[in-house]
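All remarks here apply to the structure that follows.
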Amino acid sequence: MTDLHAAAKRCLDAAEPAEKLRLTHATWQALLAGELAPDAAAPAPLPIGAPGRPARPVLVSARQVPQRGLGTPEGRAALVHAVAHIEFNAINLAWDAVYRFRGMPADYYRDWASCAHDEARHFAMLSDRLAELGHAYGDFDAHNGLWEMAEKTAHRDTARMALVPRVLEARGLDVTPGMIERLTGAGDLRTVEILQVILREEVAHVAAGTRWFHWCCARDGIEPRTTFIDLLRTHMGASLRGPFNRPARLAAGFDEAEMDQLTMLAANS
């Protein structure tokens with residue numbers, strides 16, 4: 001196989017986590033080695049559907065996911081599981097960005113394949129930590145919010161770049177420092193170490209979203225800041241939440257004016 005889009009689809013469709021991770025790392029290495037490239041003659045992408053994933057965790061609405069404290073091993077395991085679920089979804093999101101959107105520059109595909117490779121590594125670290133805590137991925141219920149946004153933005157690369165990396169994944173930049181602080185207080189320094197790695201690397205992933213969102217806007221002759229706010233209002237409505245990790249978001253390509261607008265929108269949500 002030499003077509004990058006087809007290779008991305010294989011990664012996306014793999015249901016078992018171990019196989020998805022294996023294919024992800026192999027595909028990234030093949031891309032680095034020059035063995036894969038987008039094929040302009042490849043069949044058009046299929047309509048978006050559910051990605052490959054195991055039978056568990058059971059997917060429920062976000063409101064049905066129990067909130068647990070971090071004072072018990074079970075509560076800490078549930079938090080690690082929630083982050084692992086986000087990372088598993090992020091692997092699929094990155095590969096769908098490679099598979100679905102055609103005719104983009106080579107650096108676009110390299111960026112998102114690199115993100116998939118990182119997210120797979122993050123998932124593996126969290127899975128190992130879950131095992132240390134006596135659990136496995138699938139032991140707790142989870143929700144499907146990240147992939148639902150992928151479905152809503154499958155029609156337009158501009159919307160995908162705006163709303164998945166720059167909103168939903170950027171939310172991790174906002175909440176992870178608080179998780180680190182709480183876990184430090186609970187004495188779980190092993191999980192803290194993993195989250196610190198993820199937080200540092202997720203800045204680059206959100207920055208990739210910013211970079212390609214701006215590229216899409218320049219291609220289409222539209223103003224990025226106004227477009228971003230319009231997309232937020234259309235797709236997020238009253239669900240935009242702060243507070244925001246301003247330093248991390250600025251490092252990921254947001255500007256001060258955007259941050260001021262986000263803060264105002266969240267306050268009025």
Side-chain angles (χ1 to χ4, degrees), residues 11-12 14-15 17 20-21 24 50-54 56-68 70 75-97 112 114-131 133 135-153 160-161 163-180 182-183 188 191-209 236 239-241 244-245 248-249 252:
C11 296
L12 188 60
K20 192 180 294 285
L21 267 57
T24 291
R53 57 190 174 212
R56 299 174 64 233
V58 174
L59 298 180
V60 299
S61 75
R63 294 185 184 89
Q64 291 177 285
V65 177
Q67 299 296 313
R68 296 177 172 91
L70 299 182
R76 293 192 290 278
L79 175 65
V80 173
H81 187 278
V83 181
H85 182 65
I86 290 169
E87 299 300 314
F88 188 81
N89 269 283
I91 302 169
N92 289 327
L93 290 164
W95 284 129
D96 191 70
W112 293 114
S114 176
C115 285
H117 174 69
D118 287 347
E119 307 291 15
R121 185 163 40 79
H122 297 168
F123 178 81
M125 290 191 294
L126 292 160
S127 293
D128 289 346
R129 181 60 184 141
L130 270 175
L133 293 168
H135 287 277
Y137 181 57
D139 284 359
F140 300 90
D141 291 350
H143 69 82
N144 201 34
L146 274 171
W147 192 255
E148 287 168 359
M149 183 58 77
E151 293 175 335
K152 291 176 184 176
T153 57
R160 174 68 66 84
M161 294 298 106
L163 296 173
V164 172
R166 300 193 86 227
V167 177
L168 299 187
E169 293 190 61
R171 188 65 187 150
L173 304 183
D174 303 329
V175 302
T176 302
M179 290 192 290
I180 288 172
R182 290 162 59 209
L183 287 164
D188 189 347
T191 303
V192 165
E193 290 175 0
I194 295 169
L195 292 183
Q196 287 171 333
V197 171
I198 292 173
L199 176 60
R200 182 171 63 250
E201 296 184 356
E202 291 295 345
V203 171
H205 299 173
V206 177
M236 299 299 295
S239 61
L240 184 66
R241 290 182 295 168
F244 304 105
N245 183 344
R249 283 179 176 255

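This one's a predicted model, so the numbers in the text were calculated from it and none came from an experiment.
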Query raised in the report: Residues in side chain to side chain contact (heavy atoms under 4.5 Å, CB included) with Ala14, at least two apart?
Result: Glu19, Lys20, Leu23
Report summary line: Residue set satisfying salt bridge (charged side-chain N to carboxylate O under 4.0 Å, His left out) with Glu148, at least two apart, ordered chain then number -> none
Query raised in the report: Mind checking what makes salt bridge (charged side-chain N to carboxylate O under 4.0 Å, His left out) contact with Glu193, not counting sequence neighbours?
Result: Arg190
Query raised in the report: Any donor and acceptor pair, going by atom type alone, linking the side chain of His135 with main-chain N or O of His81 inside 3.5 Å?
Result: no
Requested in this report: Indicate yes or no for a side-chain donor-acceptor contact from Arg129 to the backbone of Val80 under 3.5 Å, with no hydrogens or angles considered.
Outcome: no
Requested in this report: Sequence neighbours left out, what passes side chain to side chain contact (heavy atoms under 4.5 Å, CB included) with Ser127? Give chain and number order.
Outcome: Phe123
Query raised in the report: Is a donor on one side and an acceptor on the other found under 3.5 Å between the side chain of Arg166 and the backbone of Gly209?
Result: no
Query raised in the report: By side chain to side chain contact (heavy atoms under 4.5 Å, CB included), which residues pair with Val60, not counting sequence neighbours?
Result: Val58, Gln64, Val65, Asp141
Requested in this report: Check side chain to side chain donor-acceptor pair (under 3.5 Å) between Arg171 and all other residues, then give those that pass, not counting sequence neighbours.
Outcome: Asp174
Query raised in the report: With sequence neighbours excluded, what pairs up with Asp128 under the side chain to side chain donor-acceptor pair (under 3.5 Å) test?
Result: none
Requested in this report: Please list, chain by chain and in numerical order, all residues satisfying side chain to side chain contact (heavy atoms under 4.5 Å, CB included) with Leu168, sequence neighbours excluded.
Outcome: Leu146, Met149, Met236
Query raised in the report: Taking only residues two or more places apart in sequence or in another chain, which ones pass salt bridge (charged side-chain N to carboxylate O under 4.0 Å, His left out) with Arg56?
Result: Asp139
Query raised in the report: Sequence neighbours excluded, which residues qualify as side chain to side chain donor-acceptor pair (under 3.5 Å) partners of Asn245?
Result: none
Please tabulate, for the side chains in residues 83-91, all donor-acceptor contacts under 3.5 angstrom to protein atoms that are two or more places apart in sequence or on a different chain.
unit_1, atom_1, unit_2, atom_2, d
His85, ND1, Tyr137, OH, 2.8
His85, NE2, Asn89, ND2, 3.1
His85, NE2, His143, O, 2.7
Glu87, OE1, His122, ND1, 3.0
Asn89, ND2, His85, O, 3.1

Report task. Just jot down the side chain to side chain donor-acceptor pair (under 3.5 Å) partners of Arg53, sequence neighbours excluded, or say none. Result -> Asn144
